[in-house]
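One structure is given below, encoded as structure tokens.
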Amino acid sequence: MSFLLALIFSLSSNLDNFVIGLTYGVKNERIPLKANAIIAFITAFITFLSMLGGKLITQLIPNHVSNELGSVIFILMGCWFIGSDLIKKQQQQQQEQHTVLNFKGAVMLGLLLSINNIGVGILGSITKLNITLVVTLTFVTGMFLTYAGNHIGHSVIGNIVGKYNDLISGSLLILLGILSLMFNF
């Protein structure tokens, strides 16, 4: 069960990688393997640091409270993502950005994509997810989702996932929160 929770965690926090890959794919711009690895490494490293921070927090909170608190916060974050998606859809302002993804761009993109992972990483640690497993899966899913989005490009599946990114991410976080409440670690 902990593998499934870690996988759901990694997918929910890395779904933006798919959208970024998709954005480049639609413009027929490939994301080189080196740039993809840099992005995935940065998001995994930030996740690792945030989970260490979460471990420190769990020392301040009693064990029986930390899992429930983390689970409820996952559910609330999922609701927030879904609400943000609905608001974004109403405003619907898209800006196109034409850039070549070099080393500096990959580092900046990795840092921007890892913002999600900070709060979610802290919560993952509070709910007792395995840090090594989560960080490994964060790297792997980050690489895979960026690659897949970049190669799917302008397909129907890519457009649907890109369009409903926050809704899917939010739903995964809610599922993660519910599963964390149901199964104690």
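Values reported hereafter were calculated over all heavy atoms of this structure, with side chains retained and with hydrogens, waters and symmetry mates removed. No experiment lies behind these values; they were computed from the predicted model shown. In this chain, residues are counted from 1 in sequence order.
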Just so I know, are the side chains of Leu145 and Ile20 near enough to count as touching, which here means a heavy-atom distance under 4.5 Å?
no

Measuring only between side-chain heavy atoms, which start at C-beta, is Phe144 closer than 4.5 Å to Asn14?
no

So, for Ser50 and Gly121, which heavy atoms are closest and what is the spacing to 0.1 Å?
OG-CA, 3.2 Å

Roughly how far, to the nearest 0.5 Å, is OG of Ser12 from CG of Leu7?
9.5 Å

Which pairs of donor and acceptor atoms, one on a side chain in residues 129-136, lie under 3.5 Å apart (sequence neighbours left out)?
{"unit_1": "Asn130", "atom_1": "OD1", "unit_2": "Thr132", "atom_2": "N", "d": "3.0"}
{"unit_1": "Asn130", "atom_1": "OD1", "unit_2": "Leu133", "atom_2": "N", "d": "2.9"}
{"unit_1": "Thr136", "atom_1": "OG1", "unit_2": "Thr132", "atom_2": "O", "d": "2.8"}

How long is the span from the CG atom in Leu33 to the OG1 atom in Thr146, to the nearest 0.5 Å?
11.0 Å

Pairwise distance CD1(Ile31) to CD1(Ile39) - rounded to 0.5 angstrom
5.5 Å

Might you point out which heavy atoms bring His151 and Arg30 nearest each other, and give the distance in Å?
CA-NH1, 3.8 Å

By side chain to side chain donor-acceptor pair (under 3.5 Å), which residues pair with Thr47, not counting sequence neighbours?
Asn117

What pairs with Ile42 under side-chain contact (heavy atoms from CB on, under 4.5 Å), at least two apart in sequence or on another chain?
Ile38, Ile46, Val107, Leu111, Ser114

Could you give the distance from CZ (Phe41) to OG1 (Thr138), rounded to the nearest 0.5 Å?
13.0 Å

Here the gap from Leu11 atom CG to Asn17 atom CG, rounded to the nearest 0.5 Å, amounts to 10.5 Å

So OG1 of Thr141 and CZ of Phe9: to nearest 0.5 Å the spacing works out to 9.5 Å

Would you call Ser125 and Leu52 a side-chain contact if the rule is heavy atoms closer than 4.5 Å?
no

Crowded around Phe48 CZ? As in, over 12 foreign heavy atoms under 6.0 Å?
no

Which atom names give the shortest non-hydrogen contact between Phe3 and Leu137, and what distance separates them?
CE1-CD1, 3.9 Å

